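Input: a single structure, listed below in structure tokens.
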Amino acid sequence: MRFAIKTRPEHTPWAQLRDVWVAADEVPLFESAWNWDHFDPLTEPFTGPNLEAWSMLAAMAEATHRIRLGCQVTGMIYRHPAVLANIAATTDIISGGRLELGLGAGWNEMETAAYGIDLPPLRERFDRFDEGVEAIIFLLTQETTTFGGRYIKLTDARCEPKPVQRPHPPITIGGRGRTRTLRTAARLAQQWNAITPGAQDWVSLKETLLEHCASVGRDPGEITCSVNVRVEGPDGIKQAAEQAAVYRDAGADLVILNLPLAADPAMLAPLAEELAPLA
């Protein structure tokens, strides 16, 4: 089993978040570090500070040297896919080829209403998401892209310079929608991530992913299946390791440890020590 960390960029000073990622960069057990893509905090006070995801990733790319970097996951509704492709390519270059490109359809009505961003009905949102993922892949891999989707239209569009990773940075699709999200993951993702209440639910979702892989002719071994585990409370490290063991036995490839708010960098060494027997 492999391991990663995720920090909440809410209610926490930049310097403290940076120190956590720099500390994780020095722990070989952690292969990647993740943030989230929101403009407002997800916990009270909702009027508090929350760092923007991609600016943070670019800065973390300069602050670190080894660990891979990703957003779990970028809301497609927040940025035009062509703009996002350029942001991703630049961030991959800054990091020296360490970007994990996390993508999701988006869902936060509170943010979209406040910012005047359209939040289409669910079906349209996933139609836009499918087109957006395909357009991003084309832009990251082709010299020019002409794309005639229903919602995304590109004409001789360029994305230069290209990312370091070829054919493109690995794409992580996050979500648990059995009909649309998991099918898109089966078609286009290198990693699928889900937040689940327990291993049984995660296994059920993975079975659906495998069914979609079979229907589209995709080798499921090409897709890393990951899950999030929270580290919280006085016995958080021990409990997180116990949950990770359960997910390992259920077939998870990667466990992403969601660190507590304003996490102390000093917690990473004992966390890695507790997880090491599972690696």
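Being a predicted model, the structure only gives us computed values, none of them experimental.
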>> Please evaluate residues Thr91 and Trp54 with respect to the criterion side-chain hydrogen bond (donor to acceptor under 3.5 Å, both in side chains), reporting the C-alpha separation (whole Å), side-chain torsions for both, the decisive distance (0.1 Å), and the verdict.
In response: CA-CA 8 Å; Thr91 305; Trp54 280 90; over 6 Å; no

> Run the side-chain hydrogen bond (donor to acceptor under 3.5 Å, both in side chains) check on Arg166 and Thr141 step by step: do they pass?
Replying inline: CA-CA 8 Å; Arg166 300 301 174 91; Thr141 56; over 6 Å; no

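To the nearest 0.5 Å, atom CH2 of residue Trp202 and atom SG of residue Cys225 are 5.0 Å apart. Here the NZ atom belonging to Lys6 is positioned 5.0 Å from the CD1 atom belonging to Ile195, to the nearest 0.5 angstrom. Here the straight-line distance linking atom CD of Gln191 with atom CG of Leu101 works out to 11.5 Å at 0.5 Å rounding. Put simply, CG on Leu261 and NE2 on His11 are 6.5 Å apart, with the number rounded to the nearest 0.5 Å. Put simply, CG on Asn108 and CH2 on Trp36 are 10.0 Å apart, with the number rounded to the nearest 0.5 Å. For the atom pair CD1 of Ile93 and CG of Leu99, the computed distance is 10.5 Å after rounding to the nearest 0.5 Å.
Here the closest heavy-atom approach between residue Gly70 and residue Leu57 is recorded as O-CD2, 3.7 Å. Nearest heavy atom pair, residue Pro161 against residue Ala89, reads O-CB, 3.6 Å. Contact between Ala250 and Val203 at its shortest, heavy atoms only, is CB-CG2, 3.6 Å. Pairing each heavy atom of Arg68 with each of Gly97, the nearest pair is NH1-O, 3.4 Å. Between Cys71 and Asp37, the shortest heavy-atom contact is SG-CB, 3.4 Å. Residues Gln165 and Pro170 share a closest heavy-atom pair of OE1-CD, 3.3 Å.
Although no hydrogens or angles enter the test, the distance criterion places a donor-acceptor pair under 3.5 Å between the side chain of Arg66 and the main chain of Val27. In this structure, Glu131 contributes its side chain and Tyr151 its backbone to a donor-acceptor pair below 3.5 Å. Here the side chain of Glu100 pairs no donor or acceptor atom with the backbone of Thr172 at under 3.5 angstrom. No donor-acceptor pair under 3.5 Å is formed between the side chain of Glu274 and the backbone N or O of Ala241. Side-chain atoms of Arg183 do not come within 3.5 Å of backbone N or O of Arg180 as any donor-acceptor pair. Checking side-chain atoms of Thr145 against main-chain N and O of Asp156 turns up no donor-acceptor pair under 3.5 Å. Proximity of a side-chain donor or acceptor of Arg218 to a complementary backbone N or O of Ala186 within less than 3.5 Å is detected. Checking side-chain atoms of Arg125 against main-chain N and O of Leu119 turns up no donor-acceptor pair under 3.5 Å. The backbone N or O of Arg176 lies less than 3.5 Å from no partner atom in the side chain of Thr181, so there is not a single donor-acceptor pair. Under the 3.5 Å distance criterion, the side-chain polar atoms of Gln142 are matched with a main-chain donor or acceptor of Thr144.
There is no path of hydrophobic side-chain contacts, each under 4.5 Å, that joins Val22 to Ile67. The hydrophobic clustering, which links ILVMFWY residues whose side-chain heavy atoms are closer than 4.5 Å, places Leu17 and Val20 together. Note on Met56: it does not cluster hydrophobically with Tyr78, by side-chain heavy-atom contacts below 4.5 Å among ILVMFWY residues. A chain of hydrophobic side-chain contacts below 4.5 Å, direct or via other Ile, Leu, Val, Met, Phe, Trp or Tyr residues, connects Phe30 to Leu259. Residues Val73 and Ile87 do not share a hydrophobic cluster, clusters being chains of Ile/Leu/Val/Met/Phe/Trp/Tyr side chains in contact below 4.5 Å.
By the 4.5 Å heavy-atom criterion applied to side chains, Leu188 and Ile137 are counted as neighbours. Residues Phe39 and Glu52 meet the side-chain proximity criterion, which asks for heavy atoms closer than 4.5 Å. Residues Phe129 and Ile173 meet the side-chain proximity criterion, which asks for heavy atoms closer than 4.5 Å. Side-chain contact check for Met76 versus Ile136: some heavy-atom pair is nearer than 4.5 Å.
For Arg98 and Thr64, the side-chain atoms include at least one donor-acceptor pair closer than 3.5 Å. A donor-acceptor contact closer than 3.5 angstrom links the side chains of Ser32 and Trp34.
Salt-bridge check for Glu134 with Arg150: failed, with every basic side-chain N at 4.0 Å or more from each acidic carboxylate O.
Exactly one residue among Glu10, Arg8, Glu111 makes a side chain to side chain donor-acceptor pair (under 3.5 Å) with His38. That residue is Glu111.
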